[in-house]
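First up is the structure itself, then whatever we jot down about it.
Computed from a predicted model, the values in this text were never measured in an experiment.
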Amino acid sequence: MQMNFLKKTNIPQILFLILVLSSCGNNNKPKEKTVSTIEDTLPKMKPLGREKRLPANYIHSIKGSINHFYTKNWPNNSMNGSFLVARNGHILFERYNGYANKNEGTKITATTPVHIASVTKVLTATAVLKLVNAGKIILDQKVNTILKTFPYDECTIRMLLSHRSGMRNYAYFTDRDKSVWDRHNQLTNKDILEILATKNIGLEAPVGTRFAYCNTNYAMLALIIEKITGLSYKEAMYQMIFKPLNMTNTYVFDNEKDREKIVPSYKGNNAEIGFDYLDCVYGDKNIFSTPRDLLKFDRARNSPDFLKPALLKEVYTGYSNERQGQKNYGLGIRMINWETGQNFYFHNGWWHGNTSSYITLMKEHVTIIALSNKMTRKTYAIRKLAPIFGDYPFKFKEEAE
C-alpha cells in the first residue's frame, strides 16, 4: 500500500506536505520579534558630553553678582518657585523657595516638578525638529498631508513652529459659543482639530502672511508628533527627550493619572487656582519639570549633533519681523536681535498661576531658568542677568516683560 502511494506522489509534493504540517505544529509557539519597535526607530536627544570646567575663583565671583540680583528681585526669599543659573552645565547658583502645596504644607525643592507653561513649546518644537532632522517629515510639508482633516491647505509645519499659520487661539473660539464647544467638557487636541475641520473657524490672517503667537499651532504640532511616531505625545516626549536625557522629574500632565498629585498654582493673594476645560490640551503647555532637568535639556540642545547645521540655522532665523524691530520668533524659540549683531534666545510662559522663563546664552554656554507656581511677573526679570555674562543691553532697573 505504501509503495503504491509513493509511486503516485512525486517528491516535491511530499516535501511541500511536510513543510505545511511542520508549520501548523509551530503555530502555538511564541513568535520572535524580528522587527524593531517604534521606540527603537525614534530620533532621540543625546546628552552633551563633558564641558570645560570653570575656575573656582570665577565661580566664587559670579555667585556674588547672581545673589545680588536674586535678593533684589525676590527680597527676603519671597520667591515661590525655582531658580537656577549654570555655565558649561555647571550650576553656579540655585534657590528653591515657597510652597509646592500650601494645604499639605509641602515645600518646593530641587526635585519638585512645576508647570512650565509655554516653555513647553521649546520641548515640543525640539521633538518636531528631531523628526525633521531624521527625514521623517519636512519643514515645508503641508500639515494636511499628515493630519488629513486639517482645513487650511497652504499651512506648513514651518508655519506652525513659527506662528505664521494665521489660526485663532483655541481658547478664544471655544469659550462662548456652545455650538462650537460646551465648556462643561474637557477639550482635547483631537477636539480642536475636529472643530477646525467642521465648524468653519475663520483665520485671523491669511496663512503665511504674518506672525501671530497662537497656542493652536503647538496643539497641532503635538498631534503631528503622535501621527508620525505612532505614540501618544506623552510617550513620544518620554522616549525622545526625557528618558535619554535622564530628566527624571519631567512629565507630560495626564488628567486622569496626575490631577490629584500635581503641584497646584496660586494667585498673587495665595488663592489656589483650579482646573478648567482647557487643561487637557498639550504641546503648547502641560509639561511639568524642574530647572535641573531643563538644564540637561538645554545642554543637549547645544550639542554639536543636536541638528544638522543647515536646519539649526533655520531654527534661529527670525520669522516675525514684518517691520524692523528687535523682537522676533524662530522655530520654537523667542529671540531679541540687536543692530549690533548680538542675539538673545529665550522663551517665557504663563498658565493659570504658573510663570516660567528659559534663557540660553549660546555663545557664553549659560543657562538661566526660573519657574514659579504663584502668579508673578518677576520670573521674567531673569533676563537682567544676561549682562553679567556678555554684551546684552538689559538694565537692572528695567521692568520685566
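- A donor-acceptor pair is defined here as one N or O able to donate and one able to accept, closer than 3.5 Å; such a pair exists between the side chain of Asn217 and the backbone of Cys214.
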Test side-chain contact (heavy atoms from CB on, under 4.5 Å) on Lys190 and Leu193; report intermediate values, then the result. CA-CA 5 Å; Lys190 290 180 180 179; Leu193 179 58; 5.6 Å; no
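- Environment of CG in Asn76: sparse, with no more than 12 heavy atoms of neighbouring residues, nucleotides or ligands closer than 6.0 Å.
- Contact between Lys234 and Lys257 at its shortest, heavy atoms only, is NZ-CD, 4.4 Å.
- The main-chain N or O of Thr250 is found under 3.5 Å from a side-chain atom of Asp293 such that the two form a donor-acceptor pair.
- In this structure, Ala222 and Asn189 approach most closely via the heavy-atom pair CB-ND2, 3.8 Å.
- For the atom pair OG1 (Thr355) and CG (Asn348), the distance works out to 9.0 Å, reported to the nearest 0.5 Å.
- For the pair Ile91 and Arg292, the minimum side-chain heavy-atom distance is below 4.5 Å.
- For the residue pair Asn88/His90, the side-chain donor-acceptor check at 3.5 Å is not satisfied.
- Note that CD of Glu260 and CD1 of Ile262 are 9.0 Å apart. Values are rounded to the nearest 0.5 Å.
- Shown here for Tyr319 and Glu314, the closest heavy-atom pair between the two residues is OH-O, 3.1 Å.
- Using a 4.0 Å cut-off between a side-chain N of Lys or Arg and a carboxylate O of Asp or Glu, Lys374 and Glu272 do not qualify as a salt bridge.
- Asp298 has no carboxylate O lying under 4.0 Å from a charged side-chain N of Arg301, or vice versa, which leaves the two without a salt bridge.
- A donor-acceptor pair shorter than 3.5 Å cannot be found between the side chains of His115 and Asn373.
- Aromatic ring centroids of His352 and Phe275 lie 6.0 Å or more apart.
- Partner Tyr282 forms a ring-ring contact (aromatic ring centres under 6.0 Å, His included) with one of Phe288, Tyr233, Phe253 and no other, that one being Tyr233.
- By the 30° and 60° cut-offs, the orientation of the rings of Tyr329 relative to His347 is perpendicular.
- Atom-to-atom distance recorded for Ile228:CD1 and Leu131:CG is 7.0 Å, nearest 0.5 angstrom.
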Ring pair (Phe, Tyr, Trp, His ring centres under 6.0 Å) between Phe394 and Trp338, intermediate numbers included: CA-CA 11 Å; Phe394 295 121; Trp338 288 286; 5.5 Å; yes
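- In this structure, the side chain of Thr145 does not engage the main chain of Gln141 through any donor-acceptor pair within 3.5 Å.
- With 3.5 Å as the limit, one finds no donor-acceptor pair spanning the side chains of Glu94 and Tyr70.
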Which is it for Leu231 and Leu42 under the side-chain contact (heavy atoms from CB on, under 4.5 Å) test, yes or no, and what are the steps along the way? CA-CA 10 Å; Leu231 302 170; Leu42 288 175; 3.6 Å; yes
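- Atom OH of Tyr238 has 12 or fewer heavy atoms from other residues, nucleotides or ligands within 6.0 Å.
- In this structure, the side chain of Asn73 engages the main chain of Lys378 through a donor-acceptor pair within 3.5 Å.
- Checked against the 6.0 Å centroid criterion, the rings of Phe173 and Trp181 do not qualify as a close aromatic pair.
- Between Met220 and Leu196 the shortest side-chain heavy-atom distance falls below 4.5 Å.
- Remark: Arg95 qualifies as a cation-pi partner of Phe93 under the 6.0 Å distance and 45° angle criteria applied to the six-membered ring.
- A salt bridge links Lys142 with Glu154: at least one charged nitrogen is closer than 4.0 Å to a carboxylate oxygen.
- Lys285 places a side-chain N or O within donor-acceptor distance of the main-chain N or O of Val281, the cut-off being under 3.5 Å.
- Annotation: the span from Asn343 atom CG to Ile336 atom CD1 amounts to 10.0 Å, rounded to 0.5 Å.
- In terms of heavy-atom proximity, Ile157 sits nearest to Ile138 at CD1-O, 3.5 Å.
- In summary, of the residues considered (Phe346, Phe344, Tyr345), a ring-ring contact (aromatic ring centres under 6.0 Å, His included) with Tyr316 occurs for Tyr345 alone.
- Not one N or O on the side chain of Asn133 forms a donor-acceptor pair closer than 3.5 Å with the backbone of Lys130.
- Judged by distance alone, the side chains of Thr290 and Asn249 never bring a donor and an acceptor atom under 3.5 Å apart.
- One finds the CG atom of Asn255 at 3.5 Å from the SG atom of Cys280 (value rounded to the nearest 0.5 Å).
- The number of heavy atoms from other shown groups lying within 6.0 Å of CG (Asn200) does not exceed 12.
- Looking only at atom types and distance, the side chain of Thr376 has no donor-acceptor partner in the side chain of Thr379 under 3.5 Å away.
- Counting only distance, with no hydrogens or angles, the side chain of Ser118 and the backbone of Gly349 share no donor-acceptor pair below 3.5 Å.
- The pair Glu51-Arg87 does not count as a salt bridge, with every side-chain nitrogen at least 4.0 angstrom from each carboxylate oxygen.
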Before giving the answer on side-chain contact (heavy atoms from CB on, under 4.5 Å), spell out for Thr124 and Thr120 the whole-Å C-alpha distance, their side-chain angles and the decisive distance to 0.1 Å. CA-CA 6 Å; Thr124 299; Thr120 296; 3.9 Å; yes
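- Side-chain contact check for Tyr392 and Arg383: no donor-acceptor pair (N or O, by modelled atom type) lies under 3.5 Å.
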For Leu139 and Leu161, run side-chain contact (heavy atoms from CB on, under 4.5 Å): C-alpha distance rounded to whole Å, both residues' side-chain angles, the deciding distance at 0.1 Å, then the answer. CA-CA 9 Å; Leu139 265 184; Leu161 286 166; 3.7 Å; yes
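- Heavy-atom minimum distance, Asp391 versus Pro393: O-CD, 3.8 Å.
- Of the possible donor and acceptor atoms, none in the side chain of Thr209 sits under 3.5 Å from a partner among the backbone N and O of Ala205.
- Side chain to side chain, Ser320 and Asn328 meet the donor-acceptor criterion of an N or O pair below 3.5 Å.
- Interatomic distance, OG of Ser265 versus CG of Asn354, reported as 4.5 Å (0.5 Å rounding).
- For Tyr152 and Phe150, the gap between ring centers is short of 6.0 Å.
- At a cut-off of 3.5 Å, with distance as the only test, no side-chain donor of Tyr358 or Lys121 sits close to an acceptor on the other residue.
- Heavy-atom contacts from other residues, nucleotides or ligands closer than 6.0 Å to CD of Glu322 number more than 12.
- Between the side chains of Trp351 and Asp279, at least one donor N or O sits under 3.5 Å from an acceptor N or O.
- At least one cation-pi condition fails for Lys46 and Phe306: the charged atom is not both under 6.0 angstrom from the six-membered ring centre and inside a 45 degree cone around its axis.
- Judged purely by atom type and a 3.5 angstrom limit, Lys199 uses its side chain to pair as donor or acceptor with the backbone of Ser179.
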Which is it for Ser372 and Asn80 under the side chain to side chain donor-acceptor pair (under 3.5 Å) test, yes or no, and what are the steps along the way? CA-CA 6 Å; Ser372 177; Asn80 206 96; 5.4 Å; no
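- With a 4.5 Å cut-off on side-chain heavy atoms, Asn302 and Thr360 count as touching.
- Judged by distance alone, with hydrogens and angles left aside, the side-chain atoms of Thr216 form a donor-acceptor pair with the main-chain N or O of Arg168 at under 3.5 Å.
- A pairwise comparison of heavy atoms in Pro47 and Ala300 identifies CA-CB, 4.5 Å as the closest pair.
- The existence of a salt bridge linking Arg183 and Asp175 is excluded, since no basic side-chain nitrogen approaches an acidic carboxylate oxygen closer than 4.0 Å.
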